Each structure stands twice: as C-alpha cells, then as structure tokens.
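Order of listing sets the numbers, starting from 1, for every ligand and every atom in it. These figures come from a predicted structure and were not determined experimentally.
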Amino acid sequence: MTTAQSEALFHRAQQSIPGGVNSPVRAFRAVGGTPRFIARGEGSHIFDVDGNEYIDYVCSWGPLLLGHRPKPVIDAIASVLDLGTSFGAPTSREVELAELIIDAVPSIEMVRLVNSGTEACMSALRLARGVTGRELTVKFEGCYHGHVDSLLVKAGSGIATLSLPDTAGVPRCFSETTLALPFNDLDRVETAFHEHGDRIAAVIVEPVAGNMGCIPPQPGFLQGLRRISNHYGALLIFDEVMTGFRLSRGGAQALYGVAPDITTLGKIIGGGLPIAAYGGRADLMKRLAPAGPVYQAGTLSGNPVAVTAGIAMLRYLEQHPEVYETLDKISAEIVAGLPADVRVNRAGSMFTIFFQPGPLADYAAARRSDTARFGRFFHELLNRGVYFPPSQFEAAFVSTEHRPDDVVFTRKAIREALAAASA
Ligand SMILES: *Cc1c(COP(=O)(O)O)cnc(C)c1O
C-alpha cells in the first residue's frame with residue numbers, strides 16, 4: 001500500500017494548519033503513522049489520494065448512517081442549490097426539520113437548530129443554568145460533550161474536590177463549575193447531590209457513552225439519574241449527538257425508556273452536513289431568546305443546504321424503520337466470536353474492541369486497555385483495507401451500506417490483525 005500522496009499532503013498541511021488537521025484525532029497521534037487524505041467515498045467504502053480503498057468504520061465519526069453519498073440525501077442537496085445557500089431569515093424547511101425531530105424523539109417538544117454538537121451542548125448548559133439559576137454541572141468521566149470550556153474536564157479527584165481543566169486556555173473558575181464522576185456509578189451521583197444538590201443546574205450524560213469507546217449504561221443507571229435530578233430540581237440533559245437516530249429513531253432515550261429534560265443532537269440529523277440541535281420540554285425551550293431571557297444565536301443556524309440534507313435523512317429513517325434491525329445485525333456479525341483477551345462493547349451499530357478482557361463499565365476500566373497493542377491492530381487493519389477509528393477510545397460505526405461481503409472481509413481482517421498485533 002503506497003501512501004506517498006498522503007505523506008506529501010500531511011507534510012504540506014502542517015505548514016498551514018496546526019498539526020495538519022482541523023480536528024485533533026484525525027492526525028493519528030494515538031496510533032502513529034500518517035493520516036490518510038481521503039479523496040472520495042461511496043457506500044461503505046472510502047478512497048484515499050493514493051488510490052487505496054478502505055471499508056469505512058468511522059463514517060465521518062457517526063453522521064453517515066446511510067453510508068457515503070446516499071442517493072436521497074445527495075439528490076435533496078442538489079435540488080436546493082438552485083434556490084440559494086443562506087438567507088439569515090426563516091425558511092419553511094427549518095420548520096419541517098424541527099417537526100421531524102419532535103415527531104421522532106419522545107421528550108422533545110420544541111427544538112433549536114445550531115451548527116455543531118459543541119454548540120448544542122454549550123447552549124443546553126446555558127439554558128439549564130438560566131432556568132434553574134444554579135451554576136454547577138455533573139458530568140461523567142470519559143464522556144465528551146464537545147469542546148465546551150467548562151466540560152473539558154474528565155478527572156474528578158473526588159466529589160468534594162471540584163475539577164481541573166483538561167486543556168490549556170480554560171480558566172479554573174469555569175472547570176470548577178463541573179463535577180466529573182465515574183460513569184455508571186449512581187452512589188457517587190447520590191453523594192454529589194447530597195453535598196451540592198442545591199447548586200447543581202444539570203446532569204449531562206451520553207446515555208450510551210461513545211467517546212471513551214462504546215460503554216453502555218448499566219441497568220438502572222439512566223433511571224437513577226432521572227430520579228436523583230428530579231429529587232433535587234436539577235435538569236437531566238442527554239447528549240445524544242452520537243446516539244440520536246443511530247440507536248433508534250428516538251435515540252437512546254427511546255430504547256431505555258428514560259425522558260431527559262433537554263436532549264442534544266448532531267451528526268446524523270445533518271445527513272453529513274454541519275447541523276446540530278438541542279430540544280426538550282416546551283416550558284424550558286420557551287426560555288430561549290427571543291421568547292425568553294436566555295440568549296443564543298447563529299448566523300448560519302438552520303442553513304438551507306444543511307437542513308435539506310437533514311430532512312432527507314430523517315424522512316428516509318421515518319420511512320424505513322427496518323434500518324435499525326439491519327444495522328444491529330451487521331455490527332453483531334462483525335464482532336461475533338472474538339478471542340477472550342479483548343473485550344467487545346456494542347450498542348446497536350456502534351462498537352469498540354477494547355484491548356483488555358473487561359469488564360468495562362467506566363473510563364478508568366477503558367484506560368486500562370493496551371493502547372500500544374491497539375495501535376498495532378489499527379495499522380494491521382488499515383493495511384488490509386479496513387479503516388477503524390484511530391484511537392482505542394472511540395466507537396466504530398456501521399452504516400446500512402456495509403454489505404455481507406464487507407462483513408466477511410472485515411471479520412477475516414480483524415482476526416488476522418489481532419493475531420499480528422499480539423506478536
Ligand atoms: C461528536 C460529539 C459532540 C460534539 O459534536 P461536534 O459537532 O463535533 O461539535 C458532542 N457530544 C457527543 C456525544 C459527540 O459524540
């Protein structure tokens with residue numbers, strides 16, 4: 001496999017773009033080597049600038065539930081280009097997309113469109129603080145809610161000690177508004193609320209975690225969060241940027257039967273273009289400007305091209321409810337019967353092969369994985385034409401375009417790569 005063109009581009013990119021990439025994980029730092037520059041995608045496959053072909057399990061980090069260039073979405077985008085690309089004024093299509101989201105996601109009565117998952121989570125948090133008049137947030141270690149200042153903390157050194165930032169550039173006073181607790185640990189949530197309950201505005205959680213690798217909630221965890229937040233008058237925010245429209249049309253909340261107060265969405269709802277959203281109970285959402293006192297705005301929010309792609313995607317899912325069973329079957333097959341020295345965590349069409357035998361229910365356990373071995377596994381797969389996320393702490397995604405021959409090819413490649421990576 002030659003990678004000369006990718007290497008040349010990566011070298012050039014590093015002169016003009018920090019680290020050569022526009023989002024850090026793309027740089028392959030966690031696994032070493034040169035990131036592939038992608039020329040095009042079709043269905044479940046991507047092609048790099050050197051002409052190498054890969055079966056894609058990143059799928060743009062989640063949005064491409066229907067694979068690359070799905071016809072309904074591509075046709076819809078083409079049809080809107082004749083009308084204009086942005087007006088900064090309301091359009092009928094925004095109303096249509098809002099109605100589609102409300103129809104699909106049980107707890108959402110009103111919704112506001114934004115441009116990224118980061119923006120959705122940041123705004124949801126502001127709304128929660130605005131409504132409750134409180135300042136603290138509970139989050140869970142290993143959960144990612146975009147690069148929101150106060151949420152870039154993972155390592156709570158205990159509930160009595162407020163958190164330190166994970167990044168340069170975040171004032172201590174921002175990160176100190178966040179209590180980071182272990183995922184799946186309700187006792188710690190109880191204790192945090194017992195001590196700080198009257199100051200906690202919201203609990204924010206990935207209902208199925210995907211950003212420390214795939215870690216599903218243990219039975220009762222989400223229900224417990226609902227009960228405790230209700231008891232203390234805090235809002236429950238489900239960050240379904242990854243899981244929304246992926247685990248079911250109603251997201252994780254429909255699967256687990258727990259209704260949050262606010263939900264954030266992104267990725268799939270843009271059909272591969274930049275859209276995200278936050279929505280929830282109407283009485284809360286009506287507190288947003290211009291209806292209420294909590295300000296939030298966006299020049300390109302509800303952009304007609306992106307909204308049109310989103311509508312095409314959500315209409316397709318509305319009309320093809322069988323998609324979720326198909327996706328579940330494909331991903332189950334891919335990871336069935338792997339050796340016992342790795343641990344597979346899977347929820348529907350998202351999964352992670354962890355390089356430790358498990359059990360694996362929180363970030364501390366995920367961190368015990370053998371990341372050096374994962375790096376070798378990743379490159380062995382890549383060389384065989386299978387493109388997995390370049391980090392142990394990411395979920396792989398399956399699309400409806402992953403065909404039986406892709407599955408057979410991938411199963412064989414995974415076995416060979418596992419063997420080669422242990423050597
Ligand atoms: C991807 C993701 C985000 C951030 O979305 P961006 O569009 O990258 O800003 C937030 N939360 C979760 C759960 C995500 O997976």
Side-chain angles (χ1 to χ4, degrees), residues 21-27 57-65 105 112-128 137-154 166-167 178 180 183 202-217 222 225 236-247 251-253 255-256 260 262-280 296 298 300-303 306-307 309-310 313 345 347-352 363 366 389-391 393-397:
V21 291
N22 282 310
S23 196
V25 72
R26 297 179 195 173
Y57 291 95
V58 176
C59 291
S60 189
W61 301 96
L64 304 182
L65 193 72
V105 185
R112 170 67 59 83
L113 300 179
V114 294
N115 303 293
S116 71
T118 297
E119 208 186 334
C121 293
M122 178 188 83
S123 309
L125 208 54
R126 181 180 304 148
L127 177 61
T137 311
V138 168
K139 81 171 283 276
F140 295 93
E141 294 167 11
C143 284
Y144 178 64
H145 307 292
H147 59 93
V148 179
D149 275 338
S150 68
L151 294 179
L152 280 178
V153 291
K154 59 165 186 260
D166 274 352
T167 169
T178 303
F183 192 69
V203 176
I204 186 167
V205 66
E206 290 181 68
V208 171
N211 286 291
M212 49 180 143
C214 178
I215 302 188
L222 298 175
L225 295 182
L236 180 59
I237 304 173
F238 276 8
D239 179 354
E240 299 228 43
V241 170
M242 184 183 289
T243 53
F245 293 91
R246 174 163 290 280
L247 297 183
Q253 58 193 268
L255 274 188
Y256 291 92
I262 304 175
T263 300
T264 58
L265 295 167
K267 298 191 169 123
I268 291 172
I269 66 161
L273 273 73
I275 287 200
Y278 62 112
Q296 180 267 313
L300 289 170
S301 292
N303 171 264
V307 163
M313 177 64 109
N345 273 9
S349 59
M350 53 194 271
F351 65 84
T352 300
Y363 189 49
S391 162
F393 307 107
E394 299 284 357
F397 298 109

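- Checked against side-chain contact (heavy atoms from CB on, under 4.5 Å), L64 has the following partners two or more places apart in sequence or in another chain: C59, S60, H68.
- Within 4.0 Å of ligand 1, heavy atoms belong to protein residues S116, G117, T118, Y144, H145, G146, E206, N211, D239, V241, M242, K267.
- In the model, D239 has a side-chain atom that pairs as donor or acceptor with a side-chain atom of T264 under 3.5 Å.
- Using a 4.5 Å cut-off on side-chain heavy atoms (C-beta onward), F183 and V205 make contact.
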Chi angles and distances behind the side-chain contact (heavy atoms from CB on, under 4.5 Å) call for T243, E206: CA-CA 8 Å; T243 53; E206 290 181 68; over 6 Å; no

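- A heavy-atom distance below 4.5 Å is found between the side chains of L125 and S150.
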Intermediate values then yes/no, side chain to side chain donor-acceptor pair (under 3.5 Å), R126 and Q296: CA-CA 9 Å; R126 181 180 304 148; Q296 180 267 313; over 6 Å; no

